[in-house]
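Down below is the structure, laid out as structure tokens.
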Amino acid sequence: MLGNFEVEQCSFSKLRQFHERVLSFSDRFVKIHCKHCVSESISALIVIGLFLSFLLAMVCTYFHVFPIYQPAVRTYTVHESDDLVAKCNVFYGKWIPDESYPLYNASQCPFAERGFDCVVNGRRDRGYQKWRWQPKNCEIPRFNVQEILGKLHGKRIVFVGDSLSRTQWESMICLLMQGVQDKRNVYEINGNKITKRIRFLGVYFSSYNLRIDFYRSVFLVQPGSAPRHAPKRVKSTVKLDKLDDMSKEWVDSDFLIFNSGHWWTPTKLFDMGCYFQAGRSLKLGMGIASAFRTALETWVSWVESSVNRNRTRVFFRTFESSHWIGRNRNSCKVTRRPWLKTKGRDHSRISDIIIDVVKKMTTPVTVLHVTPMGAFRSDAHVGTWSDKQSVADCSHWCLPGVPDTWNEILLSMMLSKDGVTV
């Protein structure tokens, strides 16, 4: 500011000197002409002309000196859905506070599982519900439930995966129910209530002829019993070369959203006596990463041969960040605010395998790479605010919460002309 002030003072000083010279010249000019008996009226006209010249010089000097003080004009580009998915990696950014969230009340949504409704289960702070994901180089389209429901009329959406898939399924139903006046027009097609073990749930929006299904398939491939003559430590197997026998129910859909990963751990497999099998052969020495890749290749073969790419859009969500701490990752501390840094949780071996396998597919598949965005949200887990408060949970998410953001992104991609393929 001091530099600008000095420039301004200097400019005015020069203008003042110029003004004095013009007036001095004018006086001399008039005197000379008076001596030669030039009429007084002509002298007046000359003085006026010189004065106008002075004013013009001042104006020119002003616009030469002062453009630096004019405010800069900023332009912004509005990204439509197509631009969002085609030109911007929406999965890299930051969480920012937003008082317009949450987008629904879980207590008023009959399809929000009691175990994920943290407020009902005693959580007092609700700050975890007030965060919006802001991608680095673009905007996620604001959630417009009426527009979305209109475009999903007559569609079938299918979620396949583990309990994290069920959470996203519940979130989508609760989001879309905000646009339905008579909630009785939204119901589970078999009259079933949501449970953790049920293998199939389907919710129908009768006013829109819209169906949203969930199929529980934690490995995507088939679980099986131990083969005859297997070692005693083998209690069950995962058949890496056979897709889940419910896969025939997934085909007739407009959108297929898969996830897997949370059951591919030693505690869910080897500690429970579950090992890998291909054909009739037990793979006792196979590691989890290799087995997961083999299972995904079986899934790829099914997608390539069974999915109608002219109708069905396929998505695969990567591993969801958990926030277990301690030497054995068995302690759960839910914070009041998101972490400022990811602390290495933005990377996952499971996610890397998913991305690598999908890259090699001929059928277009959109990867929902949620691992980086979830890494910050140490505040959004269920913790001890579940229906079993004696068991802490730093894997699942409260509803409303992080899964709603997954669905905001997913819906924007579903309704765009082209998806993001890896």
Side-chain angles (χ1 to χ4, degrees), residues 72-106 118 125-148 164 167-168 171-172 174-176 178 257 259 315-323 334-348 351 355 366-381 394 396-416 418-422:
V73 177
R74 297 182 179 180
T75 58
Y76 299 90
T77 301
V78 177
H79 293 273
E80 299 295 337
S81 294
D82 293 350
D83 292 332
L84 168 76
V85 297
K87 300 178 182 178
C88 174
N89 189 336
V90 295
F91 300 106
Y92 287 89
K94 61 183 178 180
W95 293 92
I96 60 175
D98 192 326
E99 287 298 320
S100 66
Y101 283 75
L103 298 174
Y104 61 88
N105 185 335
C118 298
D125 69 290
R126 302 192 184 189
Y128 69 94
Q129 299 179 351
K130 301 289 187 179
W131 294 90
R132 175 170 61 86
W133 179 248
Q134 175 63 62
K136 186 176 181 180
N137 296 316
C138 62
E139 296 284 344
I140 299 173
R142 284 290 185 165
F143 184 72
N144 185 327
V145 66
Q146 296 297 341
E147 178 184 358
I148 292 171
L164 275 300
T167 309
Q168 186 176 9
S171 163
M172 179 170 283
C174 292
L175 284 168
L176 296 180
Q178 300 308 299
I257 303 98
N259 99 296
F315 298 82
F316 205 116
R317 195 179 73 253
T318 60
F319 191 80
E320 304 86 358
S321 301
S322 61
H323 290 81
V334 178
T335 60
R336 291 184 64 89
R337 296 175 62 86
W339 282 350
L340 296 177
K341 296 182 179 180
T342 61
K343 301 182 182 181
R345 314 263 173 149
D346 54 337
H347 294 284
S348 162
S351 297
I355 293 170
T366 301
V367 173
L368 303 172
H369 190 27
V370 303
T371 310
M373 63 192 302
F376 298 95
R377 296 307 306 274
S378 56
D379 62 317
H381 288 293
C394 264
H396 294 92
W397 308 94
C398 296
L399 288 180
V402 170
D404 306 327
T405 301
W406 301 345
N407 282 324
E408 285 188 85
I409 295 172
L410 172 62
L411 287 166
S412 69
M413 291 180 171
M414 287 166 57
L415 300 179
S416 68
D418 300 302
V420 176
T421 56
V422 175

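Along the sequence shown, the residues carry numbers beginning at 1.
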(request) Tell me, please, which residues at least two apart from R345 pass salt bridge (charged side-chain N to carboxylate O under 4.0 Å, His left out). (result)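 R345: no salt bridge (charged side-chain N to carboxylate O under 4.0 Å, His left out) contacts found.
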Report yes if some heavy atom in the side chain of [X] is under 4.5 Å from a heavy atom in the side chain of [Y]; otherwise report no.
X    : Y    : result
Y104 : S171 : yes
L411 : F143 : yes
F91  : V367 : no
H396 : L164 : yes

(request) Could you pull out the closest heavy-atom pair between L410 and Q168, with the gap in Å? (result)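 Heavy-atom minimum between the residues: CD2-NE2, 3.7 Å.
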(request) Considering non-hydrogen atoms only, spot the tightest contact between A375 and S321 and give its length. (result)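 The answer is N-OG, 3.4 Å.
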(message) According to ring pair (Phe, Tyr, Trp, His ring centres under 6.0 Å), who are the partners of Y128, at least two apart in sequence or on a separate chain?
(response)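 Ring pair (Phe, Tyr, Trp, His ring centres under 6.0 Å) check on Y128 returns nothing, list empty.
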(request) Check the pair C138, V90 against side chain to side chain contact (heavy atoms under 4.5 Å, CB included), reporting the backbone distance first and the verdict last. (result) CA-CA 7 Å; C138 62; V90 295; 4.0 Å; yes
Using 0.5 Å steps for rounding, measure from the [atom1] atom of [X] to the [atom2] atom of [Y].
X    : Y    : atom1 : atom2 : answer
H347 : T342 : NE2   : OG1   : 7.0 Å
F316 : I257 : CZ    : CD1   : 12.0 Å
E320 : L368 : CD    : CG    : 10.0 Å
R132 : Y101 : CZ    : OH    : 6.0 Å
Q129 : D404 : CD    : CG    : 9.0 Å
W406 : N259 : CH2   : CG    : 7.5 Å

(request) Could you walk me through whether S100 and R142 pass the side chain to side chain contact (heavy atoms under 4.5 Å, CB included) test, one step at a time? (result) CA-CA 11 Å; S100 66; R142 284 290 185 165; 3.5 Å; yes
(message) Set out, in order, the CA-CA distance, both residues' side-chain angles and the distance that settles side chain to side chain contact (heavy atoms under 4.5 Å, CB included) for H323 and T335, then state yes or no.
(response) CA-CA 10 Å; H323 290 81; T335 60; over 6 Å; no
(message) Go through it in stages, so that I can follow the logic: the residues are E139 and Q134, the test is side chain to side chain contact (heavy atoms under 4.5 Å, CB included), and I'd like the CA-CA distance, side-chain angles, deciding distance and then a yes or no.
(response) CA-CA 7 Å; E139 296 284 344; Q134 175 63 62; 3.3 Å; yes
(message) Test your reading of the model: is there a side-chain donor-acceptor pair from T318 to the backbone of V370, 3.5 Å cut-off?
(response)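 Checking the backbone N and O of V370 against the side chain of T318, a donor-acceptor pair under 3.5 Å is found.
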(message) Using only atom types and a distance under 3.5 Å, with no angle test, would you say the side chain of Q178 pairs donor to acceptor with the backbone of C174?
(response)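 Yes, Q178 side chain to C174 backbone: donor-acceptor pair under 3.5 Å.
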(message) If you count heavy atoms of other groups shown closer than 6.0 angstrom to CZ of R336, is the number above 12?
(response)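 Result for CZ/R336: open.
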(request) Step through the shown structure and confirm whether more than 12 heavy atoms of other residues, nucleotides or ligands are within 6.0 Å of NZ on K136. (result)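 Open.
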(message) Is a donor from one side chain sitting under 3.5 angstrom from an acceptor on the other, for S351 and T371?
(response)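 Yes - a donor-acceptor pair under 3.5 Å links their side chains.
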(request) Validate the cation-pi geometry between R377 and W397: distance from NZ or CZ to the six-membered ring centre under 6.0 Å, angle to the ring axis within 45°. (result)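 Judged by the rule, R377 and W397 form no cation-pi pair.
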